[in-house]
Amino acid sequence: MNTHRVLVLARAGAARDRTEMALRQAGAALAAVLDPATVDEAQVRAAAPDALLVVLDPVTEAALDKFDAVLADPSLLVLFDDAEVAARRDGWEAARWARHLAAKLQGHRNVLPAPPAGSAPDRDFEQEMQDLSMEMAAMQPLPPAVQGSALAQPDGAVVVAAGIGGPDAVRQLLGGLPAAFPRALLLRQRIEGGQYDRLVRQMQRAAQMPVVLACAGEPLRRGHVYVVPDGVDVGEAPAGLHFVEASGEPRFAPLRPGDSAMLLLSGAPPALVDLALAMRMAGGLALGQSAENCFDPAASQALAARGGEADSLAGISRQLLQRWPA
């Protein structure tokens, strides 16, 4: 097994210390640990890493422009983490993160330690299917088509749900979709502290499509990625789909299910499995991220166990482009 030389770009502090510890636990060799505010691309390349781990905070994000060439180098594996999350990670989460890094670096599937003793068993399958059937029965039926009407049904959209371990997965997914992708993509990744503008900036570096923050009153446009913050959902008006203020988690109810997709990536809330399956039964796509290199596949595994499908990130991109060619 080859030992990867990993260079860490991070500012001094608890986040950097815990990142170094996690990499050692993952069996990596530290090529260097550098402060992105005080070094340049030449110093990064001089350390001869074969992987970069960038720990993001506002200062680091502001400094990333000077590293664009090295971050885009196809010979380097590039990973990102959030400084606030890294600084708090300990115990079970720290062990799981070390496993995740090892899987990323070595390309194996062993990302999760055994579940703690006494964990609750899965819900009875038959009961879950009954719950799903009740939810589908309660859904508003689609209005019948009007002969000769000039009004077309609104487009669907691709909903991407992610959580812990999700940013890297989302970056890879967005990098595989062209600028002319003919549906809107709605990214729901809950961020503690509500700093969704930072998530927008991070995804702008990875995506070929424009990435913007979803704001109430704004319409959904094809070929755009919308980061959906707290308190925002999708609504429908005569002019088409638009974002609206809402309480609780978004439900994406107005999306035309037969023309939409629900993607459950690392850390996605398991509560979305029912919505994904309902969308699939109406003719849409319901895809989970396969366990390989997935930090938290709980939602994806639940989806697959109940008749959904799990695929690699590259495979998910291919399925989206087969369904909606650019």
Side-chain angles (χ1 to χ4, degrees), residues 8-19 22 35-37 52-68 71 78-90 93-94 96-97 100-101 158-175 184-207 209-218 220 224-234 243-252 263-269 271-272 289 295-296 299:
V8 177
L9 278 177
R11 301 177 70 216
R16 188 169 81 178
D17 294 343
R18 296 196 177 194
T19 297
D35 185 334
L52 301 179
L53 176 50
V54 183
V55 183
L56 293 166
D57 63 13
V59 174
T60 299
E61 288 185 34
L64 283 185
D65 286 345
K66 60 184 175 181
F67 301 109
D68 278 347
L71 292 174
V78 180
L79 306 172
F80 293 86
D81 196 8
D82 184 272
E84 291 184 10
V85 174
R88 296 193 303 268
R89 194 181 285 130
D90 59 10
E93 289 296 332
R96 191 165 61 161
W97 181 244
H100 176 66
L101 290 175
V158 176
V159 178
V160 181
I164 297 176
D168 276 328
V170 176
R171 288 185 187 90
Q172 293 180 53
L173 177 69
L174 294 183
L185 192 146
L186 313 181
L187 172 59
R188 176 56 182 164
Q189 178 166 343
R190 189 171 177 82
I191 300 294
E192 292 187 21
Q195 297 176 328
Y196 290 96
D197 54 338
R198 289 178 56 187
L199 184 60
V200 169
R201 292 195 299 271
Q202 293 172 27
M203 296 307 158
Q204 286 172 340
R205 296 179 176 277
M209 292 181 279
V211 181
V212 296
L213 187 66
C215 298
E218 291 293 322
L220 277 67
H224 285 65
V225 179
Y226 295 94
V227 173
V228 181
D230 300 335
V232 173
D233 200 349
V234 177
F243 294 107
V244 297
E245 294 183 356
S247 59
E249 285 296 303
R251 303 292 291 176
F252 308 107
L263 311 181
L264 304 182
L265 304 188
S266 178
L272 290 177
Q289 181 182 350
F295 180 56
D296 182 359

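Bear in mind the structure is a predicted one, so any value in this text is a computation, not a measurement.
Separating the CD atom in Gln195 from the CZ atom in Arg201 is a distance of 8.5 Å, to the nearest 0.5 Å. Note: Leu263 CG to Leu272 CG = 11.0 Å, rounded to the nearest 0.5 Å. Distance check: Leu185 CG to Tyr226 OH gives 10.5 Å after rounding to the nearest 0.5 Å. A distance of 8.5 Å separates CD in Gln189 from CD in Gln202, rounded to the nearest 0.5 Å. Here the NE2-CZ distance, from His100 to Arg96, works out to 10.0 Å after rounding to the nearest 0.5 Å. Expressed to the nearest 0.5 Å, how far CG of Leu71 lies from CG of Leu9 amounts to 7.5 Å.
Gln204 places a side-chain N or O within 3.5 Å of a backbone atom of Val211 that can act as its donor or acceptor partner. Panel note: side chain Asp233, backbone Arg251; a donor-acceptor pair is recorded below 3.5 Å. Within the 3.5 Å criterion, the main-chain N or O of Ala10 finds a donor-acceptor partner in the side chain of Arg16. Proximity of a side-chain donor or acceptor of Arg171 to a complementary backbone N or O of Phe80 within less than 3.5 Å is not detected. A donor-acceptor pair under 3.5 Å is formed between the side chain of Arg18 and the backbone N or O of Arg89. Between the Glu245 side chain and the Ala216 main chain, no donor and acceptor come within less than 3.5 Å of each other. Distance alone, capped at 3.5 Å, places no donor-acceptor pair between the Asp296 side chain and the Ala268 backbone.
Looking only at side-chain heavy atoms (C-beta outward), Arg11 and Val59 come within less than 4.5 Å of each other. When side chains are defined from C-beta on, Thr60 does not count as touching Val55, because their heavy atoms never get closer than 4.5 Å. In this structure the side chain of Leu213 never reaches within 4.5 angstrom of the side chain of Val232, judged on heavy atoms. Asp81 places a side-chain heavy atom less than 4.5 Å from the side chain of Trp97. Side-chain contact between Val234 and Val228: absent, with no pair of heavy atoms (C-beta onward) separated by less than 4.5 Å. Gln172 places none of its side-chain heavy atoms less than 4.5 Å from the side chain of Gln289. Side-chain contact between Leu199 and Leu187 is present, with heavy atoms from C-beta onward closer than 4.5 Å.
Of all heavy-atom pairs spanning Ala83 and Ala15, the tightest one is O-CB, 3.4 Å. Asp82 approaches Arg198 most closely through the heavy-atom pair OD2-NH2, 3.3 Å.
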Quick one, Leu174 with Val160, criterion side-chain contact (heavy atoms from CB on, under 4.5 Å). Give me CA distance, side-chain angles, the key distance, then yes/no.
CA-CA 10 Å; Leu174 294 183; Val160 181; 6.0 Å; no
Show your reasoning for whether side-chain contact (heavy atoms from CB on, under 4.5 Å) applies to Leu101 and Leu79.
CA-CA 9 Å; Leu101 290 175; Leu79 306 172; 4.0 Å; yes
Kindly indicate, with the supporting measurements, whether the criterion side-chain contact (heavy atoms from CB on, under 4.5 Å) is fulfilled by Phe67 and Val54.
CA-CA 11 Å; Phe67 301 109; Val54 183; over 6 Å; no
Kindly determine whether Arg88 and Glu84 satisfy side-chain contact (heavy atoms from CB on, under 4.5 Å), including the steps that lead there.
CA-CA 7 Å; Arg88 296 193 303 268; Glu84 291 184 10; 4.0 Å; yes
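The side chain to side chain contact (heavy atoms under 4.5 Å, CB included) test applied to Asp68 returns Asp65, Arg205, not counting sequence neighbours.
A salt bridge links Arg190 to Asp230: at least one charged side-chain nitrogen sits closer than 4.0 Å to a carboxylate oxygen.
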